[in-house]
Amino acid sequence: MPERLLVEAVNDALHVEMERDPSVLVLGEDVGLLGGVFRATAGLQERFGHERCIDTPLAEAGILGTAIGLCMAGWRPVCEMQYDAFSYPALDQLINHVGRYRWRTRGKMAFPLVIRMPYGGGVRAPELHDDSPETYYVHTPGVKVAIPSNPADAKGLLAAAIRDPDPVVVFEPKLHYRTAKTEVPAGEHVVPLGAARVVREGTDVTLVAYGAMVPLAGKAADALADDVSVEVLDLRTLKPLDEGSLLGSVRKTGRAVLVQEAPRTCGYMAEVAAVLAEKAIYDLQGPVLRVTGYDVPYPYWQIEDAYMPSVERVVDAVRRLLSA
Amino acid sequence: MPERLLVEAVNDALHVEMERDPSVLVLGEDVGLLGGVFRATAGLQERFGHERCIDTPLAEAGILGTAIGLCMAGWRPVCEMQYDAFSYPALDQLINHVGRYRWRTRGKMAFPLVIRMPYGGGVRAPELHDDSPETYYVHTPGVKVAIPSNPADAKGLLAAAIRDPDPVVVFEPKLHYRTAKTEVPAGEHVVPLGAARVVREGTDVTLVAYGAMVPLAGKAADALADDVSVEVLDLRTLKPLDEGSLLGSVRKTGRAVLVQEAPRTCGYMAEVAAVLAEKAIYDLQGPVLRVTGYDVPYPYWQIEDAYMPSVERVVDAVRRLLSA
Amino acid sequence: MSQVLPAEGGLRRVIGDGHALPDGEIDLTPEQHLALYRNLVLLRTYDERSVIYHRQGRIGTYAIFWNHEAMQAGSVFALEERDWIFPSYRESAIGLLRGLPVSTVLSWWRGHPAGWWNPKEWGVASICVPIATHVPHAVGFAWGSQLKGEDRVAIAYFGDGATSEGAFHEGATFAGVLKAPVIFFCNNNQWAISTPLSAQTAAPTLADKGIGYGMPGVRVDGGDVLAVLDATREAVTRARAGDGPTLIEAVTYRAAPHATADDPSIYIDEERVQEERDNECVGRYEAYLRRLGLLTDAQAEDVKQEALDLMRTGIAEAEAEPLADPGLVFEHALADPPASFADDLAELRRVIGA
Amino acid sequence: MSQVLPAEGGLRRVIGDGHALPDGEIDLTPEQHLALYRNLVLLRTYDERSVIYHRQGRIGTYAIFWNHEAMQAGSVFALEERDWIFPSYRESAIGLLRGLPVSTVLSWWRGHPAGWWNPKEWGVASICVPIATHVPHAVGFAWGSQLKGEDRVAIAYFGDGATSEGAFHEGATFAGVLKAPVIFFCNNNQWAISTPLSAQTAAPTLADKGIGYGMPGVRVDGGDVLAVLDATREAVTRARAGDGPTLIEAVTYRAAPHATADDPSIYIDEERVQEERDNECVGRYEAYLRRLGLLTDAQAEDVKQEALDLMRTGIAEAEAEPLADPGLVFEHALADPPASFADDLAELRRVIGA
Ligand SMILES: Cc1ncc(C[n+]2csc(CCOP(=O)(O)OP(=O)(O)O)c2C)c(N)n1
Ligand SMILES: Cc1ncc(C[n+]2csc(CCOP(=O)(O)OP(=O)(O)O)c2C)c(N)n1
Ligand SMILES: [Mg+2]
Ligand SMILES: [Mg+2]
């Protein structure tokens with residue numbers, strides 16, 4: 001199996017899916033001539049032409065709104081938002097149209113569009129290149145949300161998103177775009193939406209994570225390995241949530257520490273905690289702890305490490321939980 | 001004490017606060033000449049002039065963006081968004097600027113602006129006049145969020161919001177704009193942000209609610225009164241959450257049913273459940289149940305009652321919990 | 001490359017006043033004239049009956065389009081069946097011109113699921129409630145159709161107030177750059193609820209905005225159905241020729257409340273309203289047809305009766321719709337719904353016993 | 001009421017080429033010329049040193065503004081101290097022209113809290129990263145100041161790409177209606193990262209967009225610091241006279257990468273870049289001053305040395321900043337922070353031992 005960086009896996013998925021389905025097209029700022037500021041779309045315009053890989057004007061609501069119209073004309077558009085915090089102008093189209101238009105046609109029209117974007121912090125970038133905006137998307141009815149944590153999933157989840165009959169948002173952890181090459185199946189590779197994955201088995205506590213927090217959780221598990229048996233669950237899809245895997249793991253370990261880099265209040269792990277508080281209450285041997293970003297603007301990058309969940313904070317939470 | 005409708009209490013607060021502080025001004029679509037589509041701003045333009053009650057062009061991001069500049073010039077703008085679902089174009093300004101600008105100036109500049117809007121369903125209105133978008137606001141760092149459930153609080157929380165040094169979003173339950181006149185203190189009346197209120201005391205279960213769900217919770221408590229002692233907690237402020245009151249109540253009753261009309265996933269009650277799962281886990285005698293809107297687009301109004309939390313659904317949840 | 005024209009100064013006009021202003025001409029057969037008249041009357045009847053139905057509590061809040069009929073009927077007449085219409089709430093009944101049942105539109109205003117149609121069936125997108133947000137949809141559709149080699153034009157309807165929204169600007173920007181075959185049809189009724197045009201923009205005219213997107217701006221008398229038809233025909237021709245989008249500003253004056261919930265007496269110029277009512281668009285066209293001998297009393301009576309009959313049947317059908325099943329709350333949200341929907345619905349049915 | 005002028009056809013120009021094109025004149029004293037030259041050189045030096053600092057790993061990603069100095073220095077020169085500047089990332093160092101320390105701006109690019117300043121202290125708003133979103137801020141500030149009876153003008157800087165964003169449109173719409181004393185200064189360097197102007201808009205010129213907002217559009221040679229100054233002066237005069245906003249399109253060509261992380265070789269026209277570099281704006285003004293006998297070699301040398309010294313001190317100061325305390329993560333988010341912040345910070349300190 002070829003080894004690829006995460007961003008290369010994204011690029012691979014786009015090539016394979018555009019090859020497979022001539023109704024898939026890509027649009028966004030700088031996705032064509034440049035191949036994207038992270039080069040996630042490199043080569044697409046040469047390969048599939050200017051009509052299937054389009055450099056748009058600088059207007060995110062315009063991109064998403066146009067994509068809705070493209071769906072109506074029978075296309076399957078894949079929109080790139082250049083960065084997390086630059087996707088907010090498109091939230092109006094997302095909430096008021098992307099998530100509702102199928103319903104509005106009583107299921108007669110499909111809106112198989114994909115929004116993909118790099119997300120997350122830790123990259124020493126200027127302000128507003130660091131957000132984890134998944135809550136805004138997850139809370140919105142009518143859209144699905146996936147966040148891969150490694151190259152193979154980045155390819156497989158994006159492929160699944162492109163093939164899905166519903167709108168899907170895929171957040172790619174930009175911190176890990178180029179951190180490691182790992183094996184990615186060549187050709188068609190689909191990781192079904194809604195299926196979490198136990199990354200590492202354990203019996204004392206479950207670390208629940210997604211995206212960039214999965215490798216971090218793995219490191220925390222390493223740090224604890226001497227005396228704590230840690231299970232790491234990679235949710236992979238936030239909506240729909242794989243409740244079965246979540247509850248199965250927590251039922252086994254009896255303890256959960258939830259890790260997200262987004263601000264805490266109403267972050268995605270609030271939902272996971274709520275599900276546990278409803279459906280695993282009798283299995284829990286202690287409080288459900290969250291290790292999250294804080295309820296503050298993402299900070300100056302010189303101190304971003306203090307904001308981001310760290311191995312130390314995760315380890316501390318696990319130890320607190322075990323001694324509770 | 002005079003009796004007022006909820007919308008009249010809002011209007012009263014605006015009059016009193018604009019009188020009190022000449023730097024308060026109101027802007028929005030149709031707030032001036034018409035006095036607002038719900039007449040929440042009626043009389044302000046006559047009383048305070050065209051310069052302090054401004055009919056803006058039809059552009060929500062423009063309204064909020066302009067308000068940020070008004071803060072920089074020393075004003076305390078109160079922006080009206082005409083309806084919940086029409087506030088989404090302004091989310092970009094909210095997330096990327098309103099919540100961050102103070103931080104960006106290292107605390108040297110204040111952004112004491114208020115966004116107020118009617119929210120919520122059950123009013124037999126055309127599509128997109130029914131949303132409960134509080135999650136989008138609550139999740140955003142740097143802004144506070146309040147939601148009154150009755151006329152007196154509508155006045156007092158709005159007054160507190162206007163006087164607050166930070167940006168505050170106030171959602172007004174439009175379903176109850178004109179349902180009942182109740183006593184509202186005349187003149188200055190401030191209900192501090194961050195203080196929940198026990199609306200009805202009880203010992204068996206706590207119903208946690210805010211806004212339009214508070215009267216509903218009260219009715220459910222009535223329906224259960226024969227055999228269940230229900231405590232109803234009105235959160236009043238969602239951010240910051242009054243954790244003390246929440247934990248105090250749940251500690252006492254040992255059971256919590258959380259009621260929100262927004263879609264379930266990552267709705268505000270997910271956060272409340274997460275707080276309980278962390279901080280009240282040993283007090284809970286059963287699962288934390290949520291009664292919420294569903295993860296679907298707000299429906300056609302002929303069946304909106306099936307979507308909205310109902311007395312029946314709340315009662316059912318309480319009974320399920322008690323027999324759990 | 002097509003040329004960007006400066007916005008026209010005066011309003012384009014075809015119909016005269018029977019006195020000082022001479023009637024113009026347009027390339028239409030007598031049958032077409034009659035069909036157009038029928039469309040106008042259908043919309044007028046729909047609108048007037050709807051206001052009554054609202055008063056009778058048979059439909060909910062309703063956005064009145066009285067005297068906007070010429071803009072809707074005139075422009076749609078310039079389209080082919082394969083072209084797509086993107087209406088705002090002000091054009092809620094525009095689908096009638098494509099054969100959409102009256103009962104469907106009435107059901108929409110009754111908040112009944114039967115009011116939601118399949119856009120592909122009629123070439124009419126869903127009614128857009130949030131201002132201007134459908135403008136980029138029309139652009140994407142038009143451009144996407146062109147990419148597929150389909151000869152389809154899209155037309156987006158919106159008001160004067162809508163031109164202030166970012167969504168209008170972004171849609172127009174995309175259309176200009178993509179040379180999409182799309183028409184931006186602005187119903188300038190000079191009010192956005194209570195906000196007059198002067199508080200909406202400082203642009204000399206709305207048509208002047210066209211140049212900012214590299215598209216011609218055309219101003220037309222919105223009460224003159226033939227002028228509207230003429231201007232739209234030109235825009236359709238440009239679009240089909242690959243010359244890109246056109247902005248049409250149809251000027252009128254709102255002669256009715258914004259919607260049934262609105263009381264314009266607080267803000268509107270009643271004299272100007274009366275003037276507009278005295279010169280309303282259906283009557284103008286009717287007089288024109290009579291001047292040209294293209295319409296007899298009997299024909300006019302028939303057309304009106306036919307429309308009334310359609311309305312009667314329509315409201316009866318709408319009211320005969322069975323109560324919607326609560327299952328519909330979940331049914332169409334996603335093509336591939338999560339398991340939780342079934343659980344939620346089962347619980348809901350258990351609790352409400354339905 | 002002021003008149004809306006159609007956008008000018010040609011580019012406004014003052015500085016000639018020393019050969020065929022004659023030099024124009026502008027009302028500036030020799031001291032003012034020298035001060036303006038100093039500003040230009042300061043910006044140029046800042047920019048060139050920053051690229052080096054970036055390569056040396058002493059600052060992070062950096063948005064280069066090489067050859068944009070004339071647009072920034074020329075326009076700021078037309079303002080009074082009490083007027084406010086709303087920069088984008090492209091004008092990150094524009095505060096230097098107001099006396100903001102070099103170390104502050106360098107700290108911003110170093111991601112250090114010392115890089116965030118108090119806008120009130122310098123009349124310079126925070127650097128705006130999300131495109132065009134600061135445009136309405138400038139409008140609100142200008143209008144709000146006017147309401148308070150303060151005679152302040154605001155100027156917002158943004159790029160050609162920014163004109164596609166809804167935020168630009170809405171800000172401009174508000175400004176036109178409110179007749180706010182604000183200047184929209186568009187740096188048209190013809191690229192938005194890799195997207196050329198032709199893929200950005202079909203408008204004949206960006207200045208043409210002005211009419212859609214009821215404001216004059218002016219086109220000026222962005223490499224001609226005096227033409228920029230002249231156009232901005234006019235706009236300032238209009239603004240102060242209560243005649244409302246102006247859109248200035250300053251035309252140039254991006255002669256450097258978009259930012260340090262960008263490789264323009266994939267997309268840019270290298271020949272055109274070379275042309276631009278050969279005719280860069282600081283040299284143009286320097287040659288002009290020499291032709292007019294307003295600048296000696298010694299003076300030029302002094303000015304450059306002075307700027308270099310400032311940079312040396314600036315980077316030393318920035319690098320001398322102590323490591324930021326993690327407490328800053330919480331400190332400035334809210335004036336009235338919730339109790340949870342203190343708990344979070346205490347926990348954080350315990351865990352990381354700081
Ligand atoms: C984004 C958004 N903001 C606000 C509203 C509320 N609203 C409904 S109609 C209207 C005025 C629209 O005026 P105009 O565009 O001129 O169209 P008209 O109603 O006159 O046809 C407003 C503000 C809305 N529907 N959508
Ligand atoms: C809302 C938003 N979308 C996307 C970006 C990413 N981005 C940064 S600079 C840039 C291009 C800007 O081009 P232009 O407006 O011409 O200004 P220039 O950089 O040429 O000065 C883009 C797309 C952003 N910062 N903000
Ligand atoms: Mg209008
Ligand atoms: Mg540019």
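Below, read A as the first sequence line, B as the second, and so on, with proteins coming before strands; counting in each chain starts at 1. On a predicted model such as this, the values are computed, not experimentally measured, just so you know.
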For [X], is it the side chain, the backbone, both, or neither that has a heavy atom closer than 4.5 Å to a heavy atom of chain B?
| X | result |
| --- | --- |
| L328(C) | both |
| W109(C) | both |
| R110(C) | both |

Which bit of [X] is near chain C, if near means a heavy-atom gap under 4.5 Å: side chain, backbone, both or neither?
| X | value |
| --- | --- |
| V315(B) | neither |
| D305(B) | neither |
| L34(B) | both |
| D316(B) | side chain |
| R319(B) | neither |
| P299(B) | side chain |

Report the option among [options] that has the most heavy-atom pairs separated by less than 4.5 Å from atoms of chain B.
| options | answer |
| --- | --- |
| G115(C), P326(C), P130(C) | P130(C) |
| L323(C), L334(C), I193(C), D325(C) | I193(C) |
| G60(C), A132(C), P113(C) | P113(C) |

Give the intermediate values and the outcome of side chain to side chain contact (heavy atoms under 4.5 Å, CB included) for residues I266(C) and R39(B).
CA-CA 12 Å; I266(C) 307 183; R39(B) 305 202 48 70; 3.5 Å; yes
Over all atoms of both residues, closest heavy-atom pair of [X] and [Y]:
| X | Y | answer |
| --- | --- | --- |
| G111(C) | Y300(B) | O-CB, 3.3 Å |
| P297(B) | A333(C) | CD-CB, 3.6 Å |
| T61(C) | P126(B) | CB-CD, 4.4 Å |
| L58(B) | A162(C) | CD1-N, 4.2 Å |
| A199(C) | P57(B) | O-CG, 3.6 Å |

Closest-packed option against chain C by number of heavy-atom pairs under 4.5 Å, given W301(B), Y88(B), Y298(B), Y83(B):
W301(B)
Which one, H129(B), E60(B), E127(B), Q302(B), leads in non-hydrogen pairs under 4.5 Å with chain C?
Q302(B)
Side chains of [X] and [Y] in contact at under 4.5 Å (non-hydrogen atoms):
| X | Y | value |
| --- | --- | --- |
| V296(B) | F341(C) | yes |
| H258(C) | V37(B) | no |
| Y294(B) | S340(C) | no |

To the nearest 0.5 Å, how far apart are [atom1] in [X] and [atom2] in [Y]?
| X | Y | atom1 | atom2 | value |
| --- | --- | --- | --- | --- |
| E312(B) | I352(C) | CD | CD1 | 8.5 Å |
| I268(C) | L33(B) | CD1 | CG | 10.0 Å |
| R320(B) | E347(C) | CZ | CD | 4.0 Å |

Passes side chain to side chain contact (heavy atoms under 4.5 Å, CB included), F86(B) versus V129(C)? Steps please.
CA-CA 9 Å; F86(B) 308 147; V129(C) 172; 3.8 Å; yes
Is it the case that over 12 heavy atoms from other parts of the model lie below 6.0 angstrom from the CD atom of E271(C)?
no
Does R55(C) CZ have over 12 foreign heavy atoms under 6.0 Å away?
no
